[in-house]
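Whatever order the structure lists ligands and atoms in, that order sets their numbers, starting from 1. Remember, it's a predicted structure, so these values are computed and weren't measured experimentally.
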Amino acid sequence: MFAHTLTVLSLFYCFHYISGNDCPDDRKAAEHAEAQLHNDLFCAYDYTFRPVKDHRSAVNISVRFAIKYISFDALEETFSVHSWVAMKWKDEYLSWDPSKYGNITEMQVESHLIWTPKMSLFNADAAVYQAEDIYTTCLLNNNGTVTCVPHVPHSGICRTSLKYWPYDKQNCTMYFGSWMHTGEQVNFTFFKSRPVITDDYQNGPGWKLLNVVPDRLPGHYKCCPNVTYPMLKYVFVLKRESAGPAAIIVVPSIVIVIMTTVSLLLDVKDISRLSLQCFSLFGHFVFITEIGYNIPKHSADTPVILLFIRDSMILCLMSILLTLLLSSLRKRLEPAPLWMGSLTRLVTSGPGKYVVFTEFDPSDTSDKKTLTENDVNEDSSRKSSDWIMFANIVNSIVFIIFVLIYVILLGVYIPQDS
Ligand SMILES: *[C@@H]1O[C@H](CO)[C@@H](O)[C@H](O)[C@H]1NC(C)=O
Ligand SMILES: *[C@@H]1O[C@H](CO)[C@@H](O)[C@H](O)[C@H]1NC(C)=O
Ligand SMILES: *[C@@H]1O[C@H](CO)[C@@H](O)[C@H](O)[C@H]1NC(C)=O
Ligand SMILES: *[C@@H]1O[C@H](CO)[C@@H](O)[C@H](O)[C@H]1NC(C)=O
Ligand SMILES: *[C@@H]1O[C@H](CO)[C@@H](O)[C@H](O)[C@H]1NC(C)=O
Ligand SMILES: *[C@@H]1O[C@H](CO)[C@@H](O)[C@H](O)[C@H]1NC(C)=O
């Protein structure tokens, strides 16, 4: 039974084999020059070895990136580039004489049939699978030049610095090279003209590509004086699309700063002064929370806008305390200390009177004067207006200090959108 099955099987395979090769003669004659060329090129070709006849010579690979799309996740610190990578090298086993093959000078061939360089991204994001092999159709020239233009995505790690958020620029660097071959075996270089093309490029969400700077690192290391490990380095300079975050955070914080400062110009007696300041304090809390949502909290450097709002919040709190203090000062009825009287007279008589601009309404005191009839007394009125004058001076000084502090803070912290 078993022998019988074997016989049937082998018969079947014999028949199949014969019929598979059984090509009609007119078809065989129709084999054109390209098929002939293909057969002759690949009958003894081995794509696992470097295509050089002398093993000591290098395969020079020219690389050109045509950037198509870039996306950058600043929270995850990952960076991906979609590009067409043009690679050109000379395959010494793939040249032919065109006159022998119907003047064919170029031929397309699938990349898995020929030797292709494996270009690795050294700072790759290991969480994303990235094939080093390319799968595409390549162009052969009769002098052995091979050109492949695969469409490849690369994902790398890019440390972000959020110091100048949201007006930050990030430099993301990608290092390409051969993982195992030395530069004496596989030598990656740039195309002589235009190593990076960004003409046909689309910005990813939230980021704008300013520039790509290519650089070839020759790769001399102390360990191995006779070999090099060259790398192609690309620095992508990205700029955040800051209009959105600026509209959400930066411009409103400036509004709140102005509100805090201007509130100091209002009369202490005026309830709107305290409400404005309290509202402004609330606004600071809101913005600190909002920034906290927008930035990674584990970032190495704190965005300066956060520090600015923090400092501004402290100033705002101080302005509230000042308002409370001044309103209690001006309600005082007992005679002002002597030094206070002489201080106010000194300030108001000298050039200092131009600096004291908040003239709190003294009618408040005259109201009191009519209410407390016993106290209708020139001297007492003068003394109580000393308190008000003093409050005026303190308020003006604090206002000037606030303006100075804010100017300094703005100069130090708020980055310019260049
Ligand atoms: C590669 O480039 C080097 C230097 O430019 C040159 O000496 C060498 O002949 C080139 N190799 C091939 C296979 O063309
Ligand atoms: C190839 O080109 C040569 C010279 O241009 C010409 O004489 C010949 O006829 C061409 N052969 C074919 C098959 O076209
Ligand atoms: C091979 O031919 C192409 C196209 O004619 C040319 O650009 C290239 O320089 C040639 N390469 C060599 C090594 O001769
Ligand atoms: C980013 O790269 C550009 C261009 O190479 C360089 O001028 C700039 O100093 C770099 N910035 C940082 C922060 O490394
Ligand atoms: C690799 O290419 C570079 C740039 O063309 C060249 O300077 C260097 O000599 C080459 N290295 C080898 C080993 O051919
Ligand atoms: C490098 O090459 C020199 C000269 O060929 C040789 O003397 C030396 O041993 C080599 N060094 C290494 C680390 O291979």
Closest heavy-atom pair and its distance - F42, M107: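 F42 and M107 have their closest heavy atoms at CE1-CE, 4.4 Å.
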Y201/F65 aromatic ring centres below 6.0 Å: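 No, the ring centres sit 6.0 Å or more apart.
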Pair Y167 and Y164, ring centroids less than 6.0 Å apart: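 No, the ring of Y167 stays outside the 6.0 Å limit from the ring of Y164, centre to centre.
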Interfacing atoms of ligand 5 (cut-off 4.0 Å, heavy-atom, G183):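 Numbered from 1, ligand 5 contributes 13 (C).
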Distance-only donor-acceptor check, side chains S263 and Q277, under 3.5 Å: yes
Side chains of Y45 and L94 in contact at under 4.5 Å (non-hydrogen atoms): yes
Donor-acceptor pair, side chain of R273 and main chain of L264, under 3.5 angstrom: yes
Go ahead and list the nitrogen or oxygen contacts between ligand 1 and the protein that come in under 3.5 Å, distances to 0.1 Å, or just say none.
| from | atom 1 | to | atom 2 | distance (Å) |
| --- | --- | --- | --- | --- |
| ligand 1 | 2 (O) | N60 | OD1 | 3.1 |
| ligand 1 | 2 (O) | N60 | ND2 | 2.2 |
| ligand 1 | 11 (N) | A58 | O | 3.2 |
| ligand 1 | 11 (N) | N60 | ND2 | 2.8 |

